[in-house]
Amino acid sequence: MGVTNILIALVPAIAWGSIGLVSGRLGGSAAQQTLGMTMGAVVFGIIAWFIYRPTLDAKVWIAGILSGLFWVIGQGGQFTSMKALGVSKTIPISTGMQLAGNALAGVLLFREWTTGHQYTLGTLAVIALIIGAALTSRVDKRNATKTDRHENTGAGARALTYSTLGYVAYTIVIKSFEKWGNVGDVTNFTHAVVLPQSIGMFLGAIVFVIMIGARKEMWQLPSWKNIITGLFWGTGNLFMFLATIKVGLAVAYSMAQMGIIISTFGSIWLLGERKTHWEMVNIIIGSVLIIVGGIMLGTM
């Protein structure tokens with residue numbers, strides 16, 4: 001595969017795995033973090049357009065904006081869950097649910113599993129993801145005084161539900177246009193959709209902020225600071241595209257899931273989210289299972 005190609009494929013894991021940590025350090029509400037992140041994404045969308053100069057037709061705009069709007073639902077829900085449950089609990093569960101959701105979409109919509117081997121391996125992978133997500137979110141009730149229990153489980157669960165639906169739809173839209181949209185040159189479509197997608201993300205973020213009643217927070221300093229978060233996302237997105245050319249989508253997507261190690265353990269060590277020894281053991285085992293499940297799905 002080559003050392004250079006491996007390093008390129010690892011950039012999305014580092015960039016995306018750092019998003020929760022960066023936004024946590026920069027501060028701001030879920031609305032401000034979402035809005036700031038999308039502004040950074042627009043910057044990357046403009047850069048990508050100048051680099052590739054793809055054709056922007058009606059299908060590209062429709063697919064890109066729809067995908068971007070769904071992404072906002074996914075990211076907004078994830079930031080909301082981070083506030084309710086913490087980064088170390090939100091990211092592993094969200095990762096597992098996204099991978100499982102995309103696997104089901106691949107089976108039901110795109111017929112990507114066609115053999116008994118694929119169904120067996122895929123089912124085992126989804127089971128590993130579900131068990132891994134459950135383990136990473138376990139709470140040691142016997143040592144409640146040693147950990148931070150200022151969590152809103154109900155709000156976090158609701159946010160994760162609509163976050164997963166948004167993230168899965170965000171990928172389904174693009175895949176659907178590529179498969180059934182008669183878009184012509186798929187490479188041009190992939191290059192072209194980045195800018196409309198980022199604009200859809202930005203517009204969706206504004207709607208998200210207004211809907212949750214945070215209009216007064218929109219243009220305050222935390223929103224502008226979180227442009228940096230968007231630059232991290234854009235970097236991961238750009239290198240993901242480069243990695244798919246170098247090592248293929250399956251390997252690139254699987255390696256990107258390694259970012260869960262950064263987000264989960266970084267939030268504990270850098271953001272001060274406290275865990276007992278029993279919880280750390282569960283987090284380690286759960287994270288390993290999620291990574292294994294992601295790799296199993298990727299190799300298919």
Side-chain angles (χ1 to χ4, degrees), residues 15-47 64-91 93-95 97-98 148-167 169-170 194-237 259 263 266-267 270-273:
W16 287 344
S18 301
I19 287 175
L21 306 179
V22 174
S23 63
R25 282 291 187 183
L26 294 175
S29 64
Q32 291 168 328
Q33 290 172 329
T34 304
L35 182 62
M37 190 171 176
T38 60
M39 289 191 287
V42 170
V43 172
F44 260 88
I46 294 172
I47 292 174
I65 290 177
L66 278 177
S67 176
L69 291 174
F70 279 121
W71 178 91
V72 170
I73 296 174
Q75 189 62 52
Q78 192 172 88
F79 277 138
T80 301
S81 181
M82 287 179 190
K83 296 294 183 182
L85 301 177
V87 176
S88 64
K89 183 176 290 186
T90 293
I91 297 300
I93 298 175
S94 180
T95 299
M97 293 174 70
Q98 287 176 55
D148 185 4
R149 300 298 175 223
H150 302 293
E151 297 179 352
N152 188 333
T153 304
R158 288 191 296 273
L160 279 173
T161 299
Y162 69 75
S163 172
T164 301
L165 293 174
Y167 273 136
Y170 148 76
V194 174
L195 178 58
Q197 188 178 67
S198 66
I199 293 174
M201 290 164 60
F202 178 64
L203 295 176
I206 293 176
V207 174
F208 172 75
V209 171
I210 294 174
M211 286 182 62
I212 65 175
R215 186 180 302 182
K216 294 181 179 179
E217 302 177 4
M218 289 178 65
W219 309 116
Q220 294 177 356
L221 182 59
S223 295
W224 296 103
K225 289 167 63 177
N226 273 282
I227 289 178
I228 298 175
T229 309
L231 297 178
F232 271 83
W233 183 88
T235 300
N237 196 46
S263 58
S267 63
L270 300 179
L271 300 183
E273 294 185 7

Enumerate donor-acceptor pairs with a distance under 3.5 Å from any side-chain N or O in residues 64-72 to protein atoms, sequence neighbours excluded.
| unit_1 | atom_1 | unit_2 | atom_2 | d |
| --- | --- | --- | --- | --- |
| S67 | OG | Y170 | O | 3.0 |
| S67 | OG | Q197 | NE2 | 3.0 |

Q | Validation row: L165, I73 side chains within 4.5 angstrom (heavy atoms) | A | no
(Q) Testing the basics here: between S23 and F79, what is the closest heavy-atom pair and its distance to 0.1 Å? (A) OG-CE2, 3.4 Å
Q | Euclidean distance, M37 CE relative to M201 CE, rounded to 0.5 Å | A | 6.0 Å
Q. Which atom names give the shortest non-hydrogen contact between G74 and S163, and what distance separates them?
A. O-OG, 2.6 Å
Q. How many angstroms lie between atom CZ of R215 and atom CD1 of I206, to the nearest 0.5 angstrom?
A. 11.0 Å
Q) Shortest non-hydrogen contact from L21 to G266? A) CD2-C, 3.5 Å
Q) Where do A31 and I212 come nearest, in terms of heavy atoms and distance? A) CB-CD1, 3.6 Å
Q) Is the side chain of N226 donor-acceptor paired with the backbone N or O of G27 at a distance under 3.5 Å, no angle test? A) yes
Q | Spacing of L160 atom CG and Y167 atom OH [to the nearest 0.5 Å] | A | 10.5 Å
(Q) Between W233 and I19 (side chain of the first, backbone of the second, donor and acceptor by atom type, cut-off under 3.5 Å), is there such a pair? (A) no
Q) Once you round to the nearest 0.5 Å, how far does CD1 of I227 lie from CG of L35? A) 8.5 Å
Q | For S94, side-chain hydrogen bond (donor to acceptor under 3.5 Å, both in side chains) partners two or more places apart | A | Q78, Q98
Q. Do Q32 side-chain atoms and P222 backbone N/O form a donor-acceptor pair below 3.5 Å?
A. no
Q: Evaluate the criterion side-chain hydrogen bond (donor to acceptor under 3.5 Å, both in side chains) for residue pair E217 and S29; output intermediate values, then yes/no.
A: CA-CA 8 Å; E217 302 177 4; S29 64; 2.5 Å; yes
Q) Does the side chain of W219 come within less than 4.5 Å of V209's, by heavy atoms? A) no
(Q) Check this for me: F232, atom CZ, are more than 12 non-hydrogen atoms of other residues, nucleotides or ligands nearer than 6.0 Å? (A) no
Q) Taking all atoms of both residues into account, what is the closest heavy-atom pair of G76 and T34, and its distance? A) CA-OG1, 3.6 Å
Q: Using atom types as modelled and distance alone, determine if a side-chain donor or acceptor of S81 lies under 3.5 Å from a backbone N or O of G77.
A: no
Q: Pick out which of L203, T38, I46, V42 makes a side-chain contact (heavy atoms from CB on, under 4.5 Å) with S198.
A: V42
Q: Begin with the C-alpha distance, continue with both residues' side-chain angles, and end with the deciding distance and a verdict on side-chain contact (heavy atoms from CB on, under 4.5 Å) for L26 and T229.
A: CA-CA 9 Å; L26 294 175; T229 309; 3.6 Å; yes
Q: Supply the atom-to-atom distance F44 CZ to T235 OG1, rounded to the nearest 0.5 angstrom.
A: 3.5 Å
Q.
Check whether S223 reaches the backbone of M218 with its side chain - one donor and one acceptor, N or O, closer than 3.5 Å.
A. yes
Q. Can you tell me how far the CD atom of Q33 sits from the CD atom of Q75, to the nearest 0.5 Å?
A. 9.0 Å
